[in-house]
Amino acid sequence: MEYPLNVEAPKSFTHVVRNLPTVTAEQRLRALKATHYNEFAFPAGMLYVDCLSDSGTTSMTDAQWGAMFLGDESYGRNKGYYVLLDAFRDVWERGDQQKRAIDLLRSGVDKDDVEKMMDELYLVDTEGGFINGGSYQLERPNTFIVPQGRCAEALLFDVIKPLLAKRYPGKVFTIPSNAHFDTTEGNIKQMGSVPRNLFHKELLFEIPEGGKYEKNPFKGDMDIDKLNQLLESVGIENVPLIYTTVTNNSVCGQPVSMANMRAVSAIAHKHGIPFVMDGARWAENCYFIKMNEEGYADKSIAEIAKEMFSYFDVVSASLKKNGHANMGGLLAFRDKGYFWKNFSEFNEDGSVKVDIGHLLKVRQISAYGNDSYGGMSGHDIMALCVGLYEEQRFEYQDERVRQCEYLAQGLHQAGVPVVLPAGGHGVYIDVDKFFGYKRDHESFAGQALSLEMIHRYGIRCSELGDFSMEYDLKTPEQKAEVCNVVRLAINRSQYSKQHMDYIIAAAAQLYKDRDTIPNLKITFGRTLPMRHFHAWLEPYEPSREELCDQ
């Protein structure tokens, strides 16, 4: 017999406390001026709540901290390399039939039974998926460990850029997505290609009656009609890759349905185009599918992940998100799949002349370190191994997503215009609506809003709109694809209800005082790639016509 209460039972407790200093608004303003009003340059030690990013900001679990002591810092083929690759196979490809090779180290088998380690881990040949193993990872390397997601993107585009330039001199390529994130878009642009974001913008900013949907409408989906129109207009031969970001970070962290990924995969493969997943938040997306898409309610997150990954040819992922870790990233492609076939070179008899995997491996080693650590320490690798399993736990994902929704609903009820429902990693403020549609795109008022949250309340957000997505530098078609938003990212396993309530109170008060928020002008770095990381800004007073209360 159960004895229910009207409150939930706790799922964890705090083991270590980090105290924060008391900082005045005057001190924070001094720091803002000294750092040219660049929110990335503001000292984190002067903040009360840091919602700049959920990337690598995780508070790790006791199991992860314990695993770090098992870290092997060997330069070549450390133990963690084998365990990490098998963890990827477990959580992405095996569904509920997982091996948990990490237990070989936890239980001391690595010290007591060398033959077992050889037979079950070190010398196991694996092929056909994203994670080749044993001799196949040498013969056909397809898995590349890197420090973080943008390294995976840089690795990919640094290698395919000269290949495409050699094969098709002078050609400009287009790479569509449901929405590229800032670093992905920056890497594509630096390759000389054109990124396009194809999503349902009219659906994104829709607010349901009462602020809640009965079922999540998957606002992160690719607009299939727009994709087909783009392929027809630019030509299939000018589209080397098609992306889908899960969850869709630039589209306010909204999830992508399995049906949509299946449909985009079919279109890509019909035309022989590799389908790429930006999989930073793969587990959160699986949670949304389980909770909202017909046919998945009884499936585990691991089972859903197995199907989801089956539709893709390449995975580029920052594992500082759904690796539940402070460091890590991965680039992987399907063994002998579309990407391998399109970017390798073959002799007339069909034998391989140049394997794209070897080109990627050469670049990985020269830029990030030997392939068995890829710029990561051995203890970080072990923390990531455990973190991947933590992310596939339903109870963890459920608690995290509901925390984001609590923040979103609190802001909505306080009158602050936000995108609903919340995504799985944060809440996004609708900047245009926040300012009553009075501020133009080059006022960069969303960035000013973010800076005023720092100045007045010690809360750092992240502007992901007109400033960071470079609205003023885009074509008319690309401008229509920008979401002018400010993101409140929620660190994993770190913040309490008290933190959420403080954010709600601060944002609600700033909304009431929005006419006192200045505009911004860029004084340095307007055309620098990914300018929001290093540009200088300067505030100026808005005109009378831009004020909401006039």
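Counting from 1, the numbers follow the sequence of the chain as shown. Since this is a predicted model, take the numbers as computed values, not measurements.
- Between the side chains of H412 and Q409, no donor N or O sits under 3.5 Å from an acceptor N or O.
- Remark: the R456 side chain and the T516 side chain contain an N/O donor-acceptor pair separated by less than 3.5 Å.
- Of the possible donor and acceptor atoms, one in the side chain of W282 sits under 3.5 Å from a partner among the backbone N and O of N322.
- Between K321 and D54, no side-chain nitrogen of the basic residue sits less than 4.0 Å from a carboxylate oxygen of the acidic one, so the salt-bridge criterion is not met.
- Remark: the backbone N or O of Y437 is not paired with any side-chain donor or acceptor of D432 at under 3.5 angstrom.
- Using a 4.0 Å cut-off between charged side-chain N and carboxylate O, K212 and E405 make no salt bridge.
- In this structure, W92 and F88 have tilted ring planes: the angle between them lies in the 30° to 60° band.
- D62 and H15 share no donor-acceptor pair across their side chains, judged by distance under 3.5 Å alone.
- Here the rule is side chain to side chain contact (heavy atoms under 4.5 Å, CB included) with L464, and of V485, V482, N484 only V485 fits it.
- By the 30° and 60° cut-offs, the orientation of the rings of F157 relative to Y243 is parallel.
- Taking the six-membered ring where the residue is Trp, W536 and H36 present parallel rings, their angle staying beneath 30° rather than reaching 60°.
- For the atom pair OH (Y389) and CG (L384), the distance works out to 10.5 Å, reported to the nearest 0.5 Å.
- A salt bridge links R196 and E481; the closest N-O separation between the charged side-chain nitrogens and carboxylate oxygens is under 4.0 Å.
- In this structure, Q397 contributes its side chain and G424 its backbone to no donor-acceptor pair below 3.5 Å.
- Checked by atom type, the side-chain pair Y428/Q254 shows no donor-acceptor distance below 3.5 Å.
- With E307 as the fixed residue, the salt bridge (Lys or Arg N to Asp or Glu O under 4.0 Å) test singles out one of R262, K290, K299: R262.
- In this model, no donor atom of one side chain and acceptor atom of the other lie less than 3.5 Å apart for Y495 and D50.
- A donor-acceptor pair under 3.5 Å is absent between the side-chain atoms of D90 and the main chain of Q98, judged by distance alone.
- Here K11 contributes atom NZ and Y396 contributes atom OH; the two are 14.5 Å apart, rounded to the nearest 0.5 Å.
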Original post:
Hey, mind stepping through E390 and R492 against salt bridge (charged side-chain N to carboxylate O under 4.0 Å, His left out) and telling me if it holds?
Top reply: CA-CA 11 Å; E390 297 284 354; R492 286 172 180 77; over 6 Å; no
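- The aromatic rings of F312 and F275 lie parallel to each other, their planes meeting at an angle below 30°, with 60° marking the opposite boundary.
- The backbone N or O of G253 lies less than 3.5 Å from no partner atom in the side chain of N248, so there is not a single donor-acceptor pair.
- With Q478 contributing its side chain and T475 its backbone, the two residues share a donor-acceptor pair below 3.5 Å.
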**OP:** In sequence, state the C-alpha distance, the side-chain angles, and the governing distance for R531 and D472, and then conclude on salt bridge (charged side-chain N to carboxylate O under 4.0 Å, His left out).
**Re:** CA-CA 12 Å; R531 67 188 183 190; D472 49 308; 2.7 Å; yes
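- Side-chain contact check for N187 and R150: no donor-acceptor pair (N or O, by modelled atom type) lies under 3.5 Å.
- There is no side-chain donor-acceptor pair under 3.5 Å between T523 and E538.
- Between K438 and E546 there is no salt bridge, since none of the side-chain N atoms of the basic residue sits less than 4.0 Å from a carboxylate O of the acidic one.
- In this structure, F218 and I289 approach most closely via the heavy-atom pair CZ-CA, 4.0 Å.
- In terms of modelled atom types and a separation under 3.5 Å, the side chain of K215 and the main chain of N292 share no donor-acceptor contact.
- Side-chain atoms of E303 and S300 include no donor-acceptor pair closer than 3.5 Å.
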